[in-house]
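Written below as structure tokens is the structure these notes are about.
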Amino acid sequence: MLNIYTILRTTMKFFSSRTLAIPLVIIWQGQFGYGQVVLPSINVTNVAIDLLDGSHILHFLDVVDAFGHVSARNPDNASQFIMSFAIAPALATSQSLVTYEIDNATAVQLTFNTSVTGDAVPSGFLERYIHSQIYKAFPNITGVVHAHTINVISFAAAEIGLRAQMGSAGSTGILTNGTPIFDFDTLPTSVLPEDAPHNLLIGNEALGDALADTFQNGSEIVLMKGHGMAVRGTSVRNAVFRAFYTMQNADVQSMATLLGALALGGQPPAGLSPRVDMDATTTFESDSLLSRAWALWTAQVDQLSLYDNDLRS
Ligand SMILES: *[C@@H]1O[C@H](CO)[C@@H](O)[C@H](O)[C@H]1NC(C)=O
Ligand SMILES: *[C@@H]1O[C@H](CO)[C@@H](O)[C@H](O)[C@H]1NC(C)=O
Ligand SMILES: *[C@@H]1O[C@H](CO)[C@@H](O)[C@H](O)[C@H]1NC(C)=O
Ligand SMILES: *[C@@H]1O[C@H](CO)[C@@H](O)[C@H](O)[C@H]1NC(C)=O
Ligand SMILES: *[C@@H]1O[C@H](CO)[C@@H](O)[C@H](O)[C@H]1NC(C)=O
Ligand SMILES: *[C@@H]1O[C@H](CO)[C@@H](O)[C@H](O)[C@H]1NC(C)=O
């Protein structure tokens, strides 16, 4: 079927470089019975491809289930971010993607159907404030993941921070008390008034700011007690990579803690040394290794008809 996306894809293949600085803005009028649609630029389309792959990959790798989400800062406008409306990440397609204001997390438009604006955009995730407030707090963050990964939740439940136990999880960090833990029960009433729902959800700017404030230099992850984790990254791929390896790290740390306790004169695992943590993070999060992982993960989600990245298929 010939539609605007087929045309966009064909055009993109013609200009085969993914980073070609050609502003691809096509004004499409009326022909298929809807209003004026401005197609996103190549840069936005490339980020959207990663965003859909990222949603599917996070589900495939069991980092998210029905809940959880990933977003990207708009590469064409640093005051906006892109994430799907409220839908299970496995089911996201280009038509689920929404462009939001970072300023107040309100919907601007459907990213791939700009004729759908404001209130006409389907309801977003209540917790999109996790994303808006992280982008607001950290100007060089361009990808964010929020997930309810159970092996990570165990650590917040036990009030034990994660520390990097392996190179691929280097960005988990080696802070003395491990990754910071955000705890709803310790929020001041100025952030969480007595009469507001104490349901763990980051549903407004004040809660989002409190969560963003919990990040500490030296860790890219915040554990959320009773809830999950928030991960900041320098791209969608980077945030997805960090989220997956934080989950893996939680398993390794659990095992190592148990084994350490069983050993004679046992100790909890110390984690990586500072030099190894820093160098391993640089190596594992390099474009080369990130691309190798991404190539595998996209090949895996492509095997399953559950996932439809209609911008790439
Ligand atoms: C698209 O992204 C590339 C790489 O980041 C950048 O060099 C280029 O200026 C961007 N193009 C536009 C139109 O913003
Ligand atoms: C960037 O986004 C902001 C906030 O939505 C908007 O006010 C501004 O007009 C946008 N800039 C451009 C160049 O589109
Ligand atoms: C949200 O923020 C944008 C950008 O600052 C602004 O243009 C818009 O009016 C705000 N919307 C609401 C509902 O506050
Ligand atoms: C864009 O949205 C309009 C209004 O909901 C709809 O009629 C149209 O089919 C949509 N276009 C695409 C390509 O989905
Ligand atoms: C992002 O900014 C922070 C300071 O706000 C800085 O410590 C960090 O090195 C920066 N990261 C990158 C990748 O530029
Ligand atoms: C640590 O993070 C804060 C913001 O939370 C920033 O202002 C500061 O520059 C950072 N310090 C270093 C050494 O990166």
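Quick caveat, the model's predicted, so the values are computed rather than measured.
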| query | How about Asn77: does its CG atom have over 12 heavy atoms from other parts shown lying under 6.0 Å from it? | reply | yes

| Is there a donor-acceptor contact under 3.5 Å linking the side chains of Ser41 and Asp76? | yes

| message | So, using ring-ring contact (aromatic ring centres under 6.0 Å, His included) as the criterion, who are the partners of Trp297 when residues are at least two apart? | response | Phe244

| Verdict with reasoning, Leu211 to Met224, per side chain to side chain contact (heavy atoms under 4.5 Å, CB included) | CA-CA 9 Å; Leu211 175 67; Met224 302 163 76; 4.0 Å; yes

| query | Does anything in residues 251-271 pair up under salt bridge (Lys or Arg N to Asp or Glu O under 4.0 Å), and if so which pairs, sequence neighbours excluded? | reply | none

| query | Do we see a donor-acceptor contact under 3.5 Å between the side chains of Asn113 and Ser115? | reply | yes

| task | In sequence, state the C-alpha distance, the side-chain angles, and the governing distance for Asn238 and Thr142, and then conclude on side chain to side chain contact (heavy atoms under 4.5 Å, CB included). | result | CA-CA 9 Å; Asn238 177 261; Thr142 52; over 6 Å; no

| message | Just verifying a value: how many Å separate His146 NE2 and Ile202 CD1, rounded to the nearest 0.5 Å? | response | 7.5 Å

| message | Any donor-acceptor pair under 3.5 Å linking the side-chain atoms of Glu205 with those of Asn104? | response | no

| message | Using the rule that Ile, Leu, Val, Met, Phe, Trp and Tyr join whenever any side-chain heavy atoms are under 4.5 Å apart, tell me whether Leu201 and Val222 fall into a single cluster. | response | no

| Looking only at heavy atoms, which two atoms of Met83 and Ser71 are closest? And how far apart? | CB-CB, 3.6 Å

| Got a sec: does the CG of Asp119 have more than 12 other heavy atoms crowding it under 6.0 Å? | no

| For the residue pair Val236 and Asp50, what are the closest heavy atoms and their distance? | CG1-O, 3.6 Å

| field | Geometric class of the His69/His131 ring pair [parallel <30°, tilted 30-60°, perpendicular >60°] | value | tilted

| For the residue pair Phe215 and Phe138, does the interplanar ring angle fall in the parallel (under 30°), tilted (30 to 60°) or perpendicular (over 60°) class? | perpendicular

| task | Considering non-hydrogen atoms only, spot the tightest contact between Ile160 and Leu223 and give its length. | result | O-CD1, 3.9 Å

| task | Kindly work out whether a path of hydrophobic side-chain contacts (I/L/V/M/F/W/Y, heavy atoms less than 4.5 Å apart) joins Ile153 to Leu61. | result | no

List the atom pairs, with distances to 0.1 Å, where a side-chain N or O of residues 179-188 and a protein N or O form a donor-acceptor pair under 3.5 Å, not counting sequence neighbours.
unit_1 : atom_1 : unit_2 : atom_2 : d
Thr179 : OG1    : Leu162 : N      : 2.8
Asp183 : OD1    : Asp185 : N      : 2.9
Thr186 : OG1    : Asp183 : O      : 3.0

| query | Within a strict 4.5 Å, meaning less than it, do heavy atoms of the Ile82 and Tyr100 side chains meet? | reply | no

| query | So, for Ala92 and Ser96, which heavy atoms are closest and what is the spacing to 0.1 Å? | reply | CA-OG, 3.6 Å

| Ser168 versus Gln248, side-chain donor and acceptor atoms under 3.5 Å | no

| task | Work out which heavy atom in Gln165 is nearest to a heavy atom in Pro269; give both atom names and the distance. | result | OE1-CB, 3.5 Å

| message | Looking at Asp277 and Arg163, is there a salt bridge between them, counting it only when a charged N and a carboxylate O are closer than 4.0 Å? | response | no

| request: Check whether any side-chain heavy atom of Val44 sits under 4.5 Å from a side-chain heavy atom of Val47, and report yes or no. | output: no

| Pairwise side-chain contact, Phe85 with Phe125, heavy-atom cut-off 4.5 Å (strictly under) | no

| query | Linking I/L/V/M/F/W/Y whenever any side-chain heavy atoms sit under 4.5 Å apart, do Leu110 and Val108 land together? | reply | no

| At their closest point, which heavy atom of Leu58 faces which heavy atom of Ala243, and how far apart are they? | CD2-CB, 4.1 Å

| field | Exceeds 12 heavy-atom contacts within 6.0 angstrom, atom CG of Leu126 | value | yes

| field | Evaluation steps, side chain to side chain contact (heavy atoms under 4.5 Å, CB included), between Asp53 and Ile49 | value | CA-CA 6 Å; Asp53 283 335; Ile49 289 171; 3.7 Å; yes

